[in-house]
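Reading through the structure tokens given below for one structure.
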Amino acid sequence: QLQLVESGGGLVQPGESLLLSCAASGFTLADYAIGWFRQAPGKEREGISCINSSGGSTYYADSVKGRFAISRDNAKNTVYLQINSLKPEDTAAYYCAARTFRYCLLSRNQLTPGHFVTWGQGTQVTVSS
């Protein structure tokens, strides 16, 4: 059974950092591009970052560029999202998702949830003072 499990979320103060992890089981993560999405209450799911299968190419949405960093350790079957300088508007459930291709695909320079086939259950990030 193909499964992704996110971890690392929590309640933090503005300006702090978190390291989110996305661990895969039932398949070899090295064969897939992995994306990170987030969804705040009452808002659409937003694609924020993506990394190709080798880790050599990455994408960031403008809303997180310069503050978030995606990476992967294929030996550990895990993808990471380092999130720094957190703001209250970063509060959301964060999801990782796998494509059935090795590369990220953008539509109008944005990640599209429909391009990803396997999703984790999400991890909550809450930024509040």
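Residue Leu4 is tested with Leu29, Thr78, Val79 for a side-chain contact (heavy atoms from CB on, under 4.5 Å); the sole match is Leu29.
Residue pairs meeting the salt bridge (charged side-chain N to carboxylate O under 4.0 Å, His left out) criterion with at least one partner in residues 119-129, sequence neighbours excluded, do not occur; the list is empty. For residues 49-62, the set of pairs meeting the salt bridge (charged side-chain N to carboxylate O under 4.0 Å, His left out) definition, not counting sequence neighbours, comprises Asp62-Lys65. Screening residues 81-99 for salt bridge (charged side-chain N to carboxylate O under 4.0 Å, His left out), with sequence neighbours left out, gives Arg38-Asp90, Arg67-Asp90. Counting only residues at least two apart or on different chains, the ring pair (Phe, Tyr, Trp, His ring centres under 6.0 Å) pairs with a member in residues 83-110 are Phe101-Tyr103. Among residue pairs with one or both ends in residues 56-91, none qualify as ring pair (Phe, Tyr, Trp, His ring centres under 6.0 Å); sequence neighbours excluded.
For Asp73, there are no salt bridge (Lys or Arg N to Asp or Glu O under 4.0 Å) partners two or more places apart in sequence or in a different chain. Partners of Asp31 under the side chain to side chain donor-acceptor pair (under 3.5 Å) rule, at least two apart in sequence or in another chain, are Arg102. Looking at residues two or more places apart in sequence or on another chain, you find a ring-ring contact (aromatic ring centres under 6.0 Å, His included) between Tyr32 and Phe27. Scanning for ring-ring contact (aromatic ring centres under 6.0 Å, His included) contacts around Phe37 gives Phe116, Trp119, with sequence neighbours left out. Scored by the side chain to side chain donor-acceptor pair (under 3.5 Å) test, Glu16 finds no partners at all (sequence neighbours excluded). Applying the side chain to side chain donor-acceptor pair (under 3.5 Å) test to Asn109 and every residue at least two apart in sequence or in another chain returns nothing. In this structure, Ser85 has no side chain to side chain donor-acceptor pair (under 3.5 Å) partners at least two apart in sequence or on a different chain.
One distance of note links SG of Cys50 with NE2 of His115; it measures 11.0 Å at 0.5 Å rounding. Between Ser17 atom OG and Ile83 atom CD1 the span is 8.0 Å, to the nearest 0.5 Å. The SG atom of Cys96 sits 8.0 Å away from atom CD of Gln121, with the distance rounded to the nearest 0.5 Å. A distance of 5.5 Å separates CG of Leu111 from CG of Leu106, quoted to the nearest 0.5 Å. To the nearest 0.5 angstrom, Thr91 atom OG1 is 7.0 Å from Gln124 atom CD.
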* Asked: Hey, mind stepping through Ile48 and Leu81 against side chain to side chain contact (heavy atoms under 4.5 Å, CB included) and telling me if it holds?
  -> CA-CA 10 Å; Ile48 56 175; Leu81 186 68; 3.9 Å; yes
* Give the C-alpha distance, both sets of side-chain angles, the deciding distance and a yes or no for side chain to side chain contact (heavy atoms under 4.5 Å, CB included) between Ser49 and Thr58. => CA-CA 7 Å; Ser49 187; Thr58 58; 5.5 Å; no
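Checking side-chain atoms of Asn52 against main-chain N and O of Gly55 turns up a donor-acceptor pair under 3.5 Å. Side-chain atoms of Glu6 never come within 3.5 Å of backbone atoms of Thr123 as a donor-acceptor pair (strictly under, hydrogens ignored). Remark: the backbone N or O of Thr28 is not paired with any side-chain donor or acceptor of Asn74 at under 3.5 angstrom.
The shortest side-chain heavy-atom distance between Asn77 and Ser25 does not fall under the 4.5 Å cut-off.
Scanning both residues, Leu20 and Gly9, for their nearest heavy atoms gives CD2-N, 3.6 Å. Residues Trp36 and Cys22 come closest through the heavy atom pair CZ2-CB, 3.6 Å. Scanning all heavy atoms of the two residues, the minimum distance from Arg72 to Ser54 falls at CD-C, 4.3 Å. Ser53 and Ala30 make their closest contact through CB-O, 3.2 Å (heavy atoms, listed as atom of the first residue, atom of the second, distance). Between Gln39 and Lys43, the shortest heavy-atom distance links the atoms NE2-O, 3.1 Å.
Under the 4.5 Å side-chain heavy-atom criterion for Ile, Leu, Val, Met, Phe, Trp and Tyr, Ile70 and Val5 are members of distinct hydrophobic clusters.
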